[in-house]
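Before any comments, here is the structure.
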Amino acid sequence: MMLRHDFAPIDNLRLAHLCGSLDGHLRLIETSMGVSITRQHAHFRIEGARAAAARTLQLLQTLYERGQRAIAPELLHLALAEAVSELAPAKKRRQASAVPAKATKSADAAATEALVLRTRRADLAGRTPLQHQYLRQIMGHDITFGLGPAGTGKTYLAVACAVDALERNSVQRIILTRPAVEAGERLGFLPGDLTQKVDPYLRPLYDALYELMGFDKVTKAFEKGSLEVAPLAFMRGRTLNHAFVILDEAQNTTPEQMKMFLTRIGFGSKCVITGDTSQVDLPKGATSGLVDAERVLVKVEGIAMTHFTSADVVRHPLVARIVEAYEARIKAEAKLKSKGSAA
């Protein structure tokens, strides 16, 4: 299919920002969308599959409208990730959740409904069908699991929902926690007391809070006690009522820790557990509490599970390719093992 389009009124500044240096943006769009783009000043010609060509034209129009300023690389990559995900086959985009069918909406249906979150970022929204589904699961369930590779927005979107709930007075406080398990390092080598030692492990949570609330609001929330960031070990013995609780890096919990955490949830609370089961930093041979919970809780009513894939990565495009490469190796090794055991 071939589409022709003329941008009018012609704005040379917007055209320059849309195309990028030496048409670099257009070349990236071509590669990502699987189309061919040729242009002569404000006249564009797009050739490719019908759906891809139509979505590419829509993307070009959107970027042109935003082109009053230079288009940042992250904005372009996010827009491309969203466009590519819409072209993915339905079977690759279906949501992998344990929610009963009558309580679950399709990813496509969820993506068409606007979900407004009250955060510092007015444009915050899901970028892929599974991200839209994830947000709706968090809103509609008391306990939600978000599993998948790095860069899929599992933690960031969960923190955004927590900030939204606090702003709407749906909860009285936000509690963010993660296990203090090292990725090859040791806590003992870090200077300071226990709080100072675990602080680096909680830094990603602080970063998300600062971006979504602003430094001043975060500081005031800590002072008022409506915001708490703590290592998982500090959760033992507590009952968390009227709180939005997020357990990050849950793949590094033990089954006992996961059970302890889940049984802390009290009345009026909402809980989100995020993690990547391919990046477990526990001692060799130890069972991940996230892997264990995925098996044990899969049929428990009221608990939602979303499994993200490399198609949901919204960081630099190389991140998605890196994830795919590692996934391919894991599958190949599993295949070899199964052949060996069969022999």
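Between the side chain of Thr177 and the backbone N or O of Ala230, at least one donor-acceptor pair lies under 3.5 Å. Side chain of Gln251 to backbone of Gly275: no donor-acceptor contact under 3.5 angstrom is found. Although no hydrogens or angles enter the test, the distance criterion places a donor-acceptor pair under 3.5 Å between the side chain of Arg264 and the main chain of Met260. The main-chain N or O of Ile143 is never found under 3.5 Å from a side-chain atom of Lys270 such that the two would form a donor-acceptor pair. The backbone N or O of Ile29 sits nowhere less than 3.5 Å from a side-chain atom of Ser32 that would complete a donor-acceptor pair. Within the 3.5 Å criterion, the main-chain N or O of Asp281 finds a donor-acceptor partner in the side chain of Asn252. A donor-acceptor contact shorter than 3.5 Å links the side chain of Lys154 to the backbone of Pro149. Side-chain N or O atoms of His242 include none that pairs as donor or acceptor with a backbone N or O of Val171 at under 3.5 Å. The backbone N or O of Ile37 sits less than 3.5 Å from a side-chain atom of Glu30, completing a donor-acceptor pair. The main-chain N or O of Leu57 is never found under 3.5 Å from a side-chain atom of His5 such that the two would form a donor-acceptor pair.
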Exercise. Could you check Lys217 against Glu167 for side chain to side chain contact (heavy atoms under 4.5 Å, CB included), going step by step and ending with a plain yes or no?
Key: CA-CA 11 Å; Lys217 263 195 171 184; Glu167 290 289 328; 3.0 Å; yes

Practice problem: Starting from the C-alpha separation in whole Å, work towards a yes-or-no answer on side chain to side chain contact (heavy atoms under 4.5 Å, CB included) for Thr155 and Glu249. | Solution: CA-CA 9 Å; Thr155 302; Glu249 297 290 339; over 6 Å; no

Self-check item: Derivation and outcome, side chain to side chain contact (heavy atoms under 4.5 Å, CB included), residues Ile273 and Cys271
Solution: CA-CA 7 Å; Ile273 299 98; Cys271 174; 3.5 Å; yes

Self-check item: Test log, rule side chain to side chain contact (heavy atoms under 4.5 Å, CB included), inputs Thr239 and Phe267
Solution: CA-CA 9 Å; Thr239 299; Phe267 293 106; over 6 Å; no

Practice problem: Apply salt bridge (Lys or Arg N to Asp or Glu O under 4.0 Å) to the pair Asp164 and Arg168, showing each step before the final yes or no. | Solution: CA-CA 6 Å; Asp164 173 82; Arg168 296 176 188 272; 2.8 Å; yes

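Counted within 6.0 Å of CD on Glu333, heavy atoms from surrounding residues, nucleotides or ligands total more than 12; the atom is thus considered enclosed.
A heavy-atom distance below 4.5 Å is found between the side chains of Val245 and Phe261. Side chains of Thr144 and Ile303 form no contact here, defined as non-hydrogen atoms less than 4.5 Å apart. You'll find the side chain of Phe308 stays beyond 4.5 Å of the side chain of Thr274, heavy atoms only. Side-chain atoms of Pro179 and Leu247, non-hydrogen and from C-beta on, do get closer than 4.5 Å to each other.
The aromatic rings of Phe215 and Tyr210 sit tilted, their planes meeting at an angle between 30° and 60°.
Rounded to the nearest 0.5 angstrom, Ile175 CD1 and Leu205 CG are separated by 13.0 Å. Rounding to the nearest 0.5 angstrom, the gap separating the CD atom in Glu47 from the OG1 atom in Thr38 is 6.0 Å. The structure places SG of Cys161 at 11.5 Å from OH of Tyr156, a figure rounded to the nearest 0.5 Å. Here the CG atom belonging to Leu262 is positioned 12.0 Å from the CD atom belonging to Gln257, to the nearest 0.5 angstrom. In this structure, CG on Leu59 lies 6.0 Å from CZ on Arg55, to the nearest 0.5 angstrom.
Looking at every heavy atom in both residues, Ala53 comes nearest to Val35 through N-CG1, 4.1 Å.
In the hydrophobic clustering of ILVMFWY residues, with side-chain heavy atoms under 4.5 Å counting as a link, Tyr206 and Leu176 come out together. No continuous path of ILVMFWY side-chain contacts below 4.5 Å connects Val291 to Leu297, so the two sit in separate hydrophobic clusters. Leu76 and Leu13 fall into different hydrophobic clusters, where Ile, Leu, Val, Met, Phe, Trp and Tyr side chains are chained together by heavy-atom contacts under 4.5 Å.
No side-chain donor-acceptor contact under 3.5 Å links Thr287 and Asp292. For the residue pair Gln131/Thr152, the side-chain donor-acceptor check at 3.5 Å is not satisfied. Side-chain atoms of His307 and Glu294 form a donor-acceptor pair, as typed in the model, at a separation below 3.5 Å.
With sequence neighbours excluded, the residues forming a side-chain hydrogen bond (donor to acceptor under 3.5 Å, both in side chains) with Glu228 are Arg238, listed by chain and number. By the ring-ring contact (aromatic ring centres under 6.0 Å, His included) test, Tyr326 pairs with no residue at all, sequence neighbours left out.
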